[in-house]
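None of these values were measured; they are calculated from a predicted model. Sequence lines set the chain letters: A, B, ... in the order given, protein chains first and strands last, and positions in each chain run from 1. These numbers come from the heavy atoms of this one structure, side chains and all, not from hydrogens, waters or symmetry mates.
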Amino acid sequence: MPRYDAQRIEPKWQQFWEKNQTFRVEFDPSKPKLYVLDMFPYPSGDGLHVGHPEGYTATDIVCRFNRMRGKNVLHPMGWDAFGLPAEQHAIKTGTHPRVTTLKNIDTFKRQLKMLGFSYDWSRELATTDPEYVRWTQWIFLQLFDTWYDPNYPWTGPDGERRVGKGRPIAELPIPADVRSQGDIAVRNYQDANRLAYIHEAPVNWCPALGTVLANEEVTADGKSDRGNHPVERRRLKQWMLRITAYAERLIDELEPLNWSESIKALQKNWIGKSVGAEVDFLVESQESRVKSQPEAQGLPSLGSDEWKSVRTKSGFPTTPEPNVIRVYTTRPDTLFGVTYMVLAPEHPLVDTITTPAQRAAVDEYRQKASLKSDLDRTDLAKEKSGVFTGGYAINPVNGERVPVWIADYVLISYGTGAIMAVPAHDERDWEFANAMGINVTPVVAPPDAWLIANVDMLGPFHSWHSVGDDPGKLANAVKDVVSSCEIMQDDFLSYIEIERRILHGDRVSEDDAVQLRQSYRIEPGCFKKAFGEYGTAINSGPYTGLPTAEFKTKITADLATQGLGKQAVNYRLRDWLFSRQRYWGEPFPIWHELDSHGEPTGMVRAVTDADLPVRLPEMEDFQPTGTPEPLLSKAPADWLYATAADGTKLKRETNSMPQWAGSCWYYLRFCDNKNSDRFIDPAKEKYWLPVDLYIGGAEHAVLHLLYARFWHKVLFDRGHVTCPEPFARLVNQGMILGEMEFNGLKHPLTDEWLSIKDKDLKWSTTSVVPVPTVEIASVYTAARYAPIDASQVEKSGDTWVLKDNPSIQVDARSYKMSKSRGNVINPDTVVKEYGADSLRLYEMFMGPLEATKPWSMAGVDGIFRFLGRVWRLVADDRADDIRLADAVQDVPPTPGQLRVLHKTIKAVTDDIERLQFNTAISRMMEFTNEFTSHDVRPKSVLSSFVLLLSPFAPHLAEELWQLLGHTTTLAYEPWPTYDPALLVEAEMEIPVQINGKVRGKVTVPKDADQATIEAAANAIDAIAQQLSGKTVVKVVYVAGKLLNMVVK
RNA sequence: GCCGAAGUGGCGGAACUGGCAGACGCGCUGGACUCAAAAUCCAGUGAUAGCAAUAUCGUGUGGGUUCGAGUCCCACCUUCGGCACCA
């Protein structure tokens, strides 16, 4: 009684493929190639979760499909094996990370093989392999040996003309004044220009993990991406990679890629390009305000006018004079609206600009700001804070004195670390100005619609609500207002009246609009917020009346001619913090030179290629040092120290590389993983790259994908790879959620069910009466959620309610799988119960690949039953031995059978090409349903069908293929093709509509013309009834689709 | 707040460039087979009214374009993901 038995079939074919090396692929330029890649898994101790096989099955289907269509398919798998979890495990158990890693890799590999993926396992690699580490270090040295020349025009091997190239450091022009200072100065200058450089800056230090983290690895609420530990700011010397040099190309070259627009948008937002201008403000000399000898304190003696005329001649300098504040703005058109300036607390000019009277307050504020972590800064974001320095700068466009403040809402790491504040047209400046009582000068006229929507005459006085429409109270409020506002009482009263009419929903007359515009010019505080959009310039001297865009261009050009400003581009993206303080990562191939006292001189040198790889020293103690001192600093001395051929004492770099390093280039190594002479053979690189299809989770949108693109571009510039982008097509699989759950609220005291409508109420621990959340003190408690069985609930309208008590609403949704929720599905369990083919097929059948979708065990069961039906379609399940069903016969198919087959071939082929696996499976189900009812099932038709099924359920397909009498694997059988002529039916059914509603259907020969169809339609009773007494105004016939009669 | 994705039966979802809404699967109901059960097979299954043929309503909400809208346009609501003082 051989029923469909996945436990028997699947290991059999897995062994067959392994023994016959079925999926081994060779470099063969004579064949068309296809490179299909899964995102590099980190082999965690938990093994696979069901999210992994989703993407892996999708790529496997594409690979198997394309092999059958004659492509030479590269489909490798390997391990992103360095990283924190193995080391955290070592701290807990003392097990060496290498041991843990190898064990986890074994688990992952066993699970992947159990799922029947057609990887070429001979290409397997792990980032921890010494031979792999060697080339990771070699690529790092390429970065170390490269500087970015932004003005270098060149044509790449892809034929594209570019300006800007990563060039060898030896080609870096050394300025004469640097050269004249000697060898050390030259080396320092080179080091400062390398793509890999050491930099001291505030970094994200995570004490719990004992390492610093990149910006990308810290979440919005200031926690570590891995482990959710707190992160603090510390000033440390760290290795940085100059990814910002490539920001422009990382944006530009994203455009032609076949990636989803949303992922492209994510990357673009992360890079965050903005175009604006840098503008210089001369600091008003403190002395000049007291006495007329401004030479004191070493500040240049120039007055504003003299300074400007010098600038007109000299032009805009690369670095401004020491008494000049350089700001970056995207809105140079608002220069006339600057009412104060802000320096970041860390700005170097703060010291010189602060007056003695403000010194103490400024020092205190800087002290506080330096202690704040990013988390604190966001927590305090609601309340803007800052301190006046006592200093002033001169607005270059109108000569006005502008007070200079410091405030932590200005970041030292963005732009120039200083801003010109225009509270009328910037939300943040508006809040700050309101908090500090600074003037607001409007310089852009908003459109009337904005004025109407935002008018709030009494807003600044917070009295509108208490006034209401009461004339007496209104008069009093107006008295208050007028005494503190510059506008006249009559005007003000009429403004109030306009606002009242607007609030009452009356139409705004032209006169009213004129008044509103007037009031905006005089008192922008009478409107709810800053106007940050484009409009027309007002109060802007010679520029008044210009539209914003035109103004920006013009004033930027004017400032440039005067040497006071320059167009500038900024990026939100920061350079990549590349060092970590942990053990389980690639060592840097870098030596620090030591002086005669054993102290570092600050000079570094690269490990020579011949000495690569630098292996990790053997260590047993993995406890973090508790300080930012790297773990490797505890390494044995023979690893740590050496003496160079020239006698210089050397100490190794003790930081290690982050986990991303290995995953930045693994896709290259897969093409040539055994090469010991080069990281990849050029011919193989040219043949296999770029990756044609890359599938993985969206969590890598800005980390891995940005870093890998950056490394690739550096290798491209240095001539080591020939395509500018590594991943031609990217698809992000959606998340798989747990099974749908029903949850209700229970009263904390009485245990009664409560409606989730009341979820925002909380209950006193002593009273059954709920109180609104806003009045909560600690004695109150929230109701708790409790699971409810699906049989206890039903749908009522849009909501789910208890069957017993429909007034109680319950929550119905799926949650992310997590250990704590206990809704994790283990692939091992599913394979054991249903088999790998069922798991693969179910994951593809759940819905579109890119959608987030909930798991359903009942759905797996349905798929398993389908595979059982396929089995019985071919095999006799009542015989004692495995043999064909009696209905399967070596006979030619009927025309009807042939048409069903060819329709299925077409549908499945098209769907695979569009990665719509769920509908492909539906079509195969339809085929199976149809043929199950046939008493005679031609062998040839079933053979073709088995081929269609094989990319999805390869084990079952191989087994049936063998049963149908074939002796070789189907992996390289030609994919079935369809004959379009066979798809056409002899007759067609045409729906007949009256006024767009289907009222009947006619069946006519496939070549029937409109007249025939109309005649047939009129012959239908229902149609005739609908037409009686009415006139046909118009008839629309869509050939072969439908007939629509418009009647009156 | 900004950017992105998505809202279709009891559930997952289908519907290519506007043309029969709900394919396919799950669930449910009934039936066949069986001593019985499992397994399997057959039929039905958006809502409302009706014995019925049929009619009306129906793709988050409100408008619009069109002979015809799940699909196109405008405004809004909800959910999910990302970013968040980036000047």
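Rounded to a whole Å, the CH2 atom of Trp270(A) is 8 Å from the C1' atom of C83(B). Summarising the geometry, the separation between CG on Asp877(A) and C1' on U40(B) is reported as 9 Å, rounded to the nearest angstrom. Rounded to an integer number of Å, the gap from Phe864(A) CZ to U40(B) C1' is 13 Å. Atom CE of Met740(A) is separated from atom C1' of G10(B) by 8 Å (rounded to the nearest Å). For the pair Glu843(A) CD and G12(B) C1', the computed distance is 14 Å after rounding to whole Å. Atom pair Asn732(A):CG and G82(B):C1' shows a separation of 12 Å (rounding to whole Å applied). Whole-Å rounding puts the Lys816(A) NZ to C80(B) C1' distance at 11 Å. Summarising the geometry, the separation between CG on Leu266(A) and P on C2(B) is reported as 17 Å, rounded to the nearest angstrom.
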Inset, instruction - Start with the C-alpha gap between Ser274(A) and Asn570(A), add the side-chain angles, then the distance that decides, and say whether side-chain hydrogen bond (donor to acceptor under 3.5 Å, both in side chains) holds. - result: CA-CA 5 Å; Ser274(A) 84; Asn570(A) 260 294; 5.6 Å; no
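Ring pair Tyr328(A)/Tyr414(A) is perpendicular by interplanar angle, where above 60° counts as perpendicular and below 30° as parallel.
The side chain of Lys853(A) contributes no N or O atom lying less than 4.0 Å from OP1 or OP2 of C11(B). OP1 or OP2 of U40(B) has not a single side-chain nitrogen or oxygen of Arg3(A) nearer than 4.0 Å. Close to U54(B), at under 4.0 Å from its OP1 or OP2, lies no side-chain N or O of Arg999(A). Proximity of Ser274(A) to the phosphate of A87(B): a side-chain N or O atom is located under 4.0 Å from OP1 or OP2.
Remark: aromatic rings of Phe845(A) and Phe917(A) are distant, center separation not under 6.0 Å.
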Legend entry - Pairing annotation in dot-bracket form, given for RNA chain B with Watson-Crick or G-U pairs under 3.5 Å and | for cross-strand partners: (((((((..(((......[....)))((((((.......))))))((((....))))..(((((..]....))))))))))))....
Inset, instruction - Summarise protein proximity over nucleotides 14-33 of chain B in one line of letters, 5' to 3': B for base, S for sugar-phosphate only, - for none, counting protein heavy atoms closer than 4.0 Å. - result: SSB--BB--BBSSS------
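Considering Asp426(A), Asn395(A), Val327(A), Asp429(A) as possible partners of Met420(A), the one that fulfils the side-chain contact (heavy atoms from CB on, under 4.5 Å) test is Val327(A).
For Phe931(A), the ring pair (Phe, Tyr, Trp, His ring centres under 6.0 Å) partners two or more places apart in sequence, or in a different chain, are Phe927(A), His934(A).
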Identify the pairs formed between an N or O of the protein and an N or O of nucleotides 57-66 of chain B at a distance under 3.5 Å, and give each distance.
residue: C57(B); atom: OP2; partner: Lys997(A); partner atom: NZ; Å: 3.2

Under-3.5 Å N/O pairs linking protein and nucleotides 73-76 of chain B:
none

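Among the heavy atoms of the strands lying under 4.0 Å from Trp800(A) are primed sugar atoms or P, OP1, OP2 only; no base atom is included. Within the 4.0 angstrom heavy-atom criterion, no nucleotide atom of any strand lies near Ser260(A).
Within 6.0 Å of NZ on Lys264(A) lie more than 12 heavy atoms contributed by other residues, nucleotides or ligands.
Distance noted for atom P between A6(B) and U17(B): 13 Å (whole Å). Using C1' as the reference atom, C26(B) and G13(B) are 11 Å apart when rounded to the nearest Å.
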Counting only pairs under 3.5 Å, give me each side-chain donor-acceptor contact of residues 860-872 of chain A, with atom names and distances, residues two or more places apart or in other chains.
residue: Asp861(A); atom: OD1; partner: Tyr834(A); partner atom: OH; Å: 3.0
residue: Asp861(A); atom: OD2; partner: Arg865(A); partner atom: NH1; Å: 2.8
residue: Trp871(A); atom: NE1; partner: Pro2(A); partner atom: O; Å: 3.1

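Judged by the 6.0 Å distance and 45° axis criteria, Lys273(A) is not positioned over the aromatic ring of Tyr571(A).
Judged purely by distance below 3.5 Å, without hydrogens or angles, the side chains of Tyr842(A) and Ser856(A) never pair a donor atom with an acceptor atom. Under 3.5 Å, the side chains of Arg574(A) and Thr244(A) contain no donor-acceptor pair of N or O atoms.
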